[in-house]
Amino acid sequence: MNNTIVMKRFEIVIGIEQLEQLMDLLDECGVRGYTVIKNVGGLGSRGVRDPDDVLTEEENVMVVLACKEEQAQKVVNELRPALKGFGGMCLVSDCLWLEGPAASY
Amino acid sequence: MNNTIVMKRFEIVIGIEQLEQLMDLLDECGVRGYTVIKNVGGLGSRGVRDPDDVLTEEENVMVVLACKEEQAQKVVNELRPALKGFGGMCLVSDCLWLEGPAASY
Amino acid sequence: MNNTIVMKRFEIVIGIEQLEQLMDLLDECGVRGYTVIKNVGGLGSRGVRDPDDVLTEEENVMVVLACKEEQAQKVVNELRPALKGFGGMCLVSDCLWLEGPAASY
Amino acid sequence: MATIQPVVLFFVFGVLAGVIKSDLKIPEALYKSLSLFLLIAIGFKGGVSMAKYEIMEVLPIAGSMVVLAALIPLTAYPILRFIGRFTQADAGAISAHYGSVSAVTFAVGVAFLAAKDEYSEGYMVLIMALMEIPALVTGTILARAGASGEKTQWGKLMHEILTGTSLYLLVAGVIIGYYAGVMDMVAPLDKMFMDLFMGVLAFFLLEMGLLASSRLKAVMSKGVFLIAFGILFPLTAGLFGAYLGWIFGLSEGGSMLLAVLYASCSYIAAPAAMRIAVPDADPAISIGASLGITFPFNIFIGVPIYWEMAHWFHGIAV
Amino acid sequence: MATIQPVVLFFVFGVLAGVIKSDLKIPEALYKSLSLFLLIAIGFKGGVSMAKYEIMEVLPIAGSMVVLAALIPLTAYPILRFIGRFTQADAGAISAHYGSVSAVTFAVGVAFLAAKDEYSEGYMVLIMALMEIPALVTGTILARAGASGEKTQWGKLMHEILTGTSLYLLVAGVIIGYYAGVMDMVAPLDKMFMDLFMGVLAFFLLEMGLLASSRLKAVMSKGVFLIAFGILFPLTAGLFGAYLGWIFGLSEGGSMLLAVLYASCSYIAAPAAMRIAVPDADPAISIGASLGITFPFNIFIGVPIYWEMAHWFHGIAV
Amino acid sequence: MATIQPVVLFFVFGVLAGVIKSDLKIPEALYKSLSLFLLIAIGFKGGVSMAKYEIMEVLPIAGSMVVLAALIPLTAYPILRFIGRFTQADAGAISAHYGSVSAVTFAVGVAFLAAKDEYSEGYMVLIMALMEIPALVTGTILARAGASGEKTQWGKLMHEILTGTSLYLLVAGVIIGYYAGVMDMVAPLDKMFMDLFMGVLAFFLLEMGLLASSRLKAVMSKGVFLIAFGILFPLTAGLFGAYLGWIFGLSEGGSMLLAVLYASCSYIAAPAAMRIAVPDADPAISIGASLGITFPFNIFIGVPIYWEMAHWFHGIAV
Ligand SMILES: Nc1ncnc2c1ncn2[C@@H]1O[C@H](COP(=O)(O)O)[C@@H](O)[C@H]1O
Ligand SMILES: Nc1ncnc2c1ncn2[C@@H]1O[C@H](COP(=O)(O)O)[C@@H](O)[C@H]1O
Ligand SMILES: Nc1ncnc2c1ncn2[C@@H]1O[C@H](COP(=O)(O)O)[C@@H](O)[C@H]1O
Ligand code: NA
Ligand code: NA
Ligand code: NA
């Protein structure tokens, strides 16, 4: 497709209590752009987590992040050991970045 | 990419009134992990659905789900007839699961 | 995979103040379905944007949109110049549309 | 002459904020919280004053008024279907909205009476709560009778009507208020549910104004018939209500409130029920007419007129 | 005989709404706002009445009661572990919940005394705020002593306990109320934090009812032991509290409130602390027992019984 | 000597909660709801007391004070630009913040006068509402005059200023309050908008404290100049306001409130306007100085000082 750059897309879901740590880690990898969706629920190895349950107060966040391939491997290397402690999941896929906006990757 | 498993990624958008049914269905397919984002709006065959409109009270949810290929076909087979009744959409794509966290797929 | 149609998936993140313009633009491209997630935060070329900060009132939205390949190129052509003004990002990737619900693409 | 109450000016400023595209926004959680408050408070207040009645004396009168309310959608439907040329689904859904009631319009009527120091029967609240039922059922039957397509989900609909937030909280408020009244234990709860009523109503009307102005365009595009219907129909229904109140021997204030109930129309409970019962009706039309035309008409012009109507009938009696 | 207060009927209607699957929902932001209000208001009111005491006289008594509260989890644990056959983690976590207190149960107790026009010591609030500390610490030690697995994050846990919203707002309320009382500047704040207290409690109990009914299934599945524990244990702890209050020379009202504190159990602060301290405990069990059984038992049946207990001990004294 | 009011202690506990990293959080919807309430209530109260004036007498005085308020950003700008060495954009944006006003600081001033039983002119509220306009316009001109880059979106900016929530609700409150005052129909609305004012302010100050403590780091990093500016500039502006109030023949209370208005600075309306008008300014600096330094300075130290200033000028007159 025209006017696009080949990139990797990360989609990370973790508990909100680990978000700060994740953001520090991404910062260290030199990541310059990501998107954060809060108030997310789900099912995983720790069972159901429902942000609408006012008593249990469990909340996940989804972080979506696009970066170039060279950086992607670096993120993978840093993220793997951390995720072991965090739980959650991280998916990686191919995508195209539509050129236009100021580069933030 | 190292330390990753090839998987399928589902992205389902339906009305919140059908979420419970969808979750039962995924449960029956043996799915062990998914992520739910509520308070989602959009445009589709039923027109605009805006969760901020306090009078119409229409709300979509997005469910993201990663699973192995064998399971994916099972989910597709179960989901198709149900979605006919639900409306909404379901996208399927390829992705890599970054190993590390406890397996919840 | 059976019962699926090959399609393109767009994932656009912009500031909420530009959402109306984006929706007009998609409308002009003849797009018949999209999903909108509000209350999204992130990091980009304009720095951190945090929807929970009640004083700065910065909010992003994520728009996910599936369409056929022919339409995809049209959307790319229209979106590119607009995104230059908007900032944010737009990712494009391949996906399969699971047949079943009424076509809204 | 009837003076406009300060509280309804909040509605005006809500509409105006929408018109001049102010960035004023009421948080959704506040809107929902205020509406829970109003329902409980209206019920509670009614329940407290019902404690003064022999409940068995009241039930037959109240019951008749509720049943007779089914006449409203039955009258509205042919007008909408054959003069207004709406689809069966839309005509039925709009009928259900106009047969149903608006708790906020009722509250404005109560405030009007309070400002005039006029008495009214406390059990009007119970009538309001129960009027939903025949209106929504009748409207649904009209919308679906003989229509092809999916079967009406009667079970789901009746559940929605009977357990829906509006009816449930009104009835809960009535029972708790009645109990508090009978046990003479109203005291510390009145600071919240009675003293703050008007202030909460003010906030709610501000939001109603914002919502109404966002609906106006949709209504206008439906042309002059819907606007005329939205004004003339409640006037007629109100007249019927005032007459009925007089016939049944209600006070002037009570007759006026019955007129308000018959004239007012729903924009919360009815849309929720019609979404389930008549999914092929277009909510933009029924909510637009109800909230964009009839609601403002009632709170500014209708309420004083219904008072005059009640007054006039009671004049005959003398 | 003790009559049921109107405010607790809101709890009944909350439960009922859950049972009949009404679509009634309290917005999360309202729930959180109301709970902030209640904590500040309870603290404020206590602080204002503490302004009448010599604070140094009070501290040793209050301190002893707080320390003695550690006996509660120490008693609960062996029952849960060896009779109930819960895991060490669950038995410890449940013990921490029952050692800890419920500000809303306390508020219902205060309302009960207010309806009877009975005096109680203002500093009971301070005791309530501080009782969290020994209960949560003891519960955690019981849950983790000798257990393998990750090390207890004591630093994080103590931070959570000491700076957690409940303890923080109660103490902040006490200090501000005390200052306002001493300076004789309570006046304009009382309209909010005192007059509206019951009304806010009503709303909160409605939501508590909804929450309790959503927990019931989880508790029932745990069998009859947990239900018996959820009723008999608070009765015992309440008796101990009433006895202690009498021994320490509290008023009848004060003894009753101490019984309420000892008998009540937490469903807000304790879950938050146990999430950090004992992550392998199942919150469904402890919250379910606490909110689904003990809370309703206390507000309907327990509170009048604790009053009778306090009354009985004070009768001995005569 | 001036005693600290209990209500401002809520601010202290908000800051403290931030400092000790408590998990205390005010839901966003509550924060927004409280700020809507305060704006309407401040306007309403002012409007009610304006009902006692001949409105035509008041307008010229009020107009002059508003226009003279444009001097504040004109004074602040060169200090910030040439002594503080801020960029043109930042200096202009900060000037706009300091020219603009803080409704909450004003409310604390009103509470201070109420505690002293001092009279003040009701139309000060109108002055507050209108002072935004010259401040934001002047600040924008300063920030953009001769600057390259995109053209200033004057249309959008004026729309934002004139229809922005703060100005709109203040003016709506004034008009409704004025109408209620003239018609003698204040009665049921005062339970909400007057009686609860202090309680709502308490909650709001708690959140302000949390917000201020989250901003402190950003300000500290900007060094000692910004801190000095944030304290000395409002003192100077306050002196000018007190002098002006005296010259124009306001009461002591009114002069003090004018001093408060001139001294206070915005952290809600100004950021919103500057986002549109001067997007290249860094909001962390202007909000940080405004909320992190000047706001706490004003409510604790400034308000009593402005009172002494007004007192001193009025002493001259004798
Ligand atoms: N590389 C990226 N990956 C994911 N999200 C991004 C990326 N770059 C920008 N964004 C999102 O787009 C928003 C606006 O970007 P910008 O206009 O560059 O500040 C950010 O706040 C992020 O939410
Ligand atoms: N297979 C999966 N697909 C999508 N989301 C998942 C999957 N597994 C885990 N998650 C998300 O990650 C969160 C934490 O997972 P866990 O730590 O395994 O409990 C869950 O609550 C889900 O939101
Ligand atoms: N082509 C599409 N791309 C993205 N989202 C879609 C698409 N079609 C439908 N949706 C989402 O699915 C919801 C329900 O669709 P429908 O049942 O067709 O009205 C819409 O409100 C959208 O959020
Ligand atoms: Na009606
Ligand atoms: Na206890
Ligand atoms: Na100023």
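Convention: sequence-line order gives letters A, B, ...; per-chain numbering from 1.
At least one side-chain heavy atom of D:I40 sits less than 4.5 Å from a side-chain heavy atom of E:L206. E:L24 places a side-chain heavy atom less than 4.5 Å from the side chain of D:L36. D:M192 has its side chain within reach of E:F203: a pair of non-hydrogen atoms, C-beta onward, lies under 4.5 Å apart.
Proximity to chain E is absent for every atom of D:L30, based on heavy atoms less than 4.5 angstrom apart. Proximity to chain E (any heavy atom under 4.5 Å) is shown, for D:L162, by neither the backbone nor the side chain. Heavy-atom distances place no part of E:L201 under 4.5 Å from chain D, backbone and side chain included. With a 4.5 angstrom heavy-atom cutoff, E:A17 touches chain D via backbone and side-chain atoms both.
Of the residues considered (E:I26, E:L16, E:V200), E:L16 shows the highest number of contacts with chain D, using heavy-atom pairs under 4.5 Å. With chain E as partner, the option from D:A272, D:A29, D:A172 having the largest number of non-hydrogen pairs under 4.5 angstrom is D:A172.
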Looking only at N and O atoms, which donor-acceptor pairs between chain E and chain D are within less than 3.5 angstrom?
residue : atom : partner : partner atom : Å
E:I4    : O    : D:Y179  : OH           : 2.5
E:F13   : O    : D:Y168  : OH           : 2.4
E:A17   : N    : D:Y168  : OH           : 3.0
E:I20   : O    : D:H159  : NE2          : 2.8
E:S22   : OG   : D:T163  : O            : 2.7
E:D23   : OD1  : D:T165  : N            : 3.0
E:D23   : OD1  : D:T165  : OG1          : 2.9

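Considering only residues two or more places apart in sequence or on other chains, D:F13 meets the ring pair (Phe, Tyr, Trp, His ring centres under 6.0 Å) condition with none of them.
Separating the CD1 atom in D:I175 from the CG atom in E:L9 is a distance of 9.0 Å, to the nearest 0.5 Å.
Of all heavy-atom pairs between D:L189 and E:M198, the closest is CD2-O, 3.6 Å.
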